[in-house]
Structures are given as C-alpha cells and as structure tokens.
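Being a predicted model, the structure only gives us computed values, none of them experimental.
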Amino acid sequence: MFGRLTPLVKNLLFINIGIAVIQGLMKIDLGTTFGLHFILAEEFKPYQFITYMFLHSTTSMMHILGNMIALFIFGPMLENFLGQKKFLILYMVTGIGAGLFYTTVNYIEVNGVRQDVRAYVENPNSQDFNRLLVDHGNGVNPMIYEFVDDYSRNENNQRLKEQSVSYAWQLYDLYGRYNMVGASGAIFGILAAFALFFPNTELYLLFMPFPIKAKYLVGAYILYEVFSELQRAPGDNVAHLAHIGGALIALILVKLVWKQNRKDFY
C-alpha cells in the first residue's frame, strides 16, 4: 500500500541514521553543540532550530528507531503525493516550527519558574521552599528531600537558608540548561499531514486485530501527547510540546497555506 522507498525519504533516513552511527562509533554527543538549547542559555545558537532535528538520543535506540520507522512507513506515500519539493518543505517547516513552538511555550514556563525563584530568594523559608519543589521540582535529585526535612526542622538556621537559596537557583538552572534533539516534531508533522490527506486509509497495527483509519490513529496519538504534557509524569523528559507543535504546524501548512481539502481521499 505504501509503495517503494522514495528518494527524499531515503536521504532523510540516511542522514539521521548516519549521524546516529557516527555518534555511537565515536562516542560523542553532538547534542551539546547542535541540540536546541533554551533560548536564553549561553549555549543557544539560532542554527540549532535546524540542526536539532537531525540528532537523536545517544542513550536510547528507541528514540531514533521510532522516528525512522514512522518516516519509512508514512513518508513515501506523502512524497509521491506532494512531490519532493513540497515534502521537503513539510519536513523542514514542521521540524523548525516544532522547535519554535516548544521554545516559546517553554520560555513562558521557565520565566514563571524564574519569578517564583526570585520571590523565594527575597524571603526564604521552609514552607515556600517546599511549595517551590512541589510546583517546579519534577526531575530534581531525590537527595534534596533529605535537605527539605532538615530545613523544615531548623528553619532559622542561617546556613540552611543560604543553602536553600542555592538550591532554588539550581532549580531554575535545571529548566534553563538542557538541549532538545530529535526528528519527532517533523515526524508528527508527517503523521498529521498523512491523516489530513489520507484520513480514511486503513492501517494495521501489530497489537490490534482490526484496521484503524489514519484520522483516528493520528488523532488519538496527538491527544495522548496533549494529555502527557498536561499530566507530565515524574522523570518524563519527552518533548511532548514539540510533537504537538509539529502536528499543529502541519495543520496550518496543509489547510491555510496550501489550502488542501481531501476529506474523501482514500
């Protein structure tokens, strides 16, 4: 149903997998330089909005495997339908757009953390420190909670107050010092475009005994990403906002820019 591997999809697979292999063989992490850093971080460079989407995690094979399988399955049919030029535009625009969407929303979030940290630093106390951790402590070292107990019992200890201020600034750094890598934003753009152009195409999944239409499968996947972002589990470091952003940019590109309406196609 999906046809043979098309030239542009083949090249994208080669680039992404090739870079991953180079990182693995040379034991280097290119994400520290070419991953998308927080926009106010010293490590941020504008070109990272492009380079980040050709890099993947060096610690988990599932990251690149999932993205490349999706590109392999859904990419050729879209490339044949759109042509190489439009398919490349779709891939790049949704990838860059996902990075911009993620950065914008994350900036708002990090700015809120910075304001809360500054408010705490002006009047440090154990109760507000606990609240700071509850509101923004996802991903902190669990060892800090030993300090919380000690601080709660000795709130007037000047040394502990100063240490709590240091921890508060480290919490802000935790949000502002990161780099995002992966083609997931562009891949979600491809998934969304596929569902828009071929909404009634039936797909067969290994874990389901019956086919499911593309519009339902992709729609459910995007809703899952929204839920995962709103109800983020402890230790979840997946950039759900980038996934949502890629799908949103694809919707805008297909419906408003290209003005395509293929409800009955496939």
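Between Phe81 and Phe198, the ring-plane angle classifies as perpendicular under the 30° and 60° cut-offs. Between Tyr167 and Phe147, the ring planes are perpendicular. Angles over 60° get that label, and only those under 30° would be called parallel.
When the side-chain hydrogen bond (donor to acceptor under 3.5 Å, both in side chains) test is applied to Ser152, no partner is found at least two apart in sequence or on another chain. In this view, Arg118 satisfies the salt bridge (Lys or Arg N to Asp or Glu O under 4.0 Å) rule with no residue, not counting sequence neighbours. Shown here are the salt bridge (Lys or Arg N to Asp or Glu O under 4.0 Å) partners of Asp29, two or more places apart in sequence or in another chain: there are none. Residues satisfying the ring pair (Phe, Tyr, Trp, His ring centres under 6.0 Å) test with Phe101, not counting sequence neighbours, are none. Applying the side-chain contact (heavy atoms from CB on, under 4.5 Å) rule to Phe14 yields no partners; only residues at least two apart in sequence or on another chain are considered. Asn11 meets the side-chain hydrogen bond (donor to acceptor under 3.5 Å, both in side chains) test with no other residue; sequence neighbours excluded. A search for side-chain contact (heavy atoms from CB on, under 4.5 Å) contacts involving Val21 returns Ile17, Leu25, not counting sequence neighbours. Evaluation of the ring pair (Phe, Tyr, Trp, His ring centres under 6.0 Å) rule for Tyr216 yields no partner, not counting sequence neighbours. A search for ring pair (Phe, Tyr, Trp, His ring centres under 6.0 Å) contacts involving Phe54 returns nothing, not counting sequence neighbours. With sequence neighbours left out, Tyr224 forms a side-chain contact (heavy atoms from CB on, under 4.5 Å) with Tyr221, Ser228. With sequence neighbours left out, the side-chain contact (heavy atoms from CB on, under 4.5 Å) criterion links Gln127 to Asn125, Arg131.
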- Kindly determine whether Glu155 and Tyr151 satisfy side chain to side chain donor-acceptor pair (under 3.5 Å), including the steps that lead there. CA-CA 5 Å; Glu155 185 175 31; Tyr151 187 29; 5.4 Å; no
- Item | Test log, rule ring-ring contact (aromatic ring centres under 6.0 Å, His included), inputs Phe44 and Phe38 | CA-CA 6 Å; Phe44 169 76; Phe38 178 53; 8.8 Å; no
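Between the side chain of Asn106 and the backbone N or O of Tyr102 there is no donor-acceptor pair closer than 3.5 Å. Side-chain N or O atoms of His37 include one that pairs as donor or acceptor with a backbone N or O of Thr32 at under 3.5 Å. Between the Gln48 side chain and the Thr33 main chain, a donor and an acceptor come within less than 3.5 Å of each other. For the pair His63 (side chain) and His56 (backbone), a donor-acceptor distance under 3.5 Å is absent. At least one donor-acceptor pair under 3.5 Å links the side chain of Asn154 to the backbone N or O of Asp150. Under a 3.5 Å cut-off, the side chain of Tyr52 and the backbone N or O of Gly95 do form a donor-acceptor pair. The backbone N or O of Leu100 lies less than 3.5 Å from no partner atom in the side chain of Thr103, so there is not a single donor-acceptor pair.
A donor atom on one side chain and an acceptor atom on the other are not found under 3.5 Å apart for Ser166 and Glu162.
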Could you pull out every donor-acceptor pair under 3.5 Å between side chains of residues 69-79 and any protein atom, sequence neighbours left out?
unit_1 : atom_1 : unit_2 : atom_2 : d
Glu79  : OE1    : Thr6   : OG1    : 2.5
Glu79  : OE1    : Leu8   : N      : 3.4
Glu79  : OE1    : Val9   : N      : 3.0
Glu79  : OE2    : Leu8   : N      : 3.0

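For Met92, the CE atom is densely surrounded, since the number of other residues' heavy atoms within 6.0 Å is greater than 12.
Inter-residue side-chain proximity for Leu30 and Ile28 is flagged as met; some heavy-atom pair is nearer than 4.5 Å. Side-chain atoms of Arg114 and Leu40, non-hydrogen and from C-beta on, do get closer than 4.5 Å to each other. With a 4.5 Å cut-off on side-chain heavy atoms, Glu202 and Ile212 do not count as touching.
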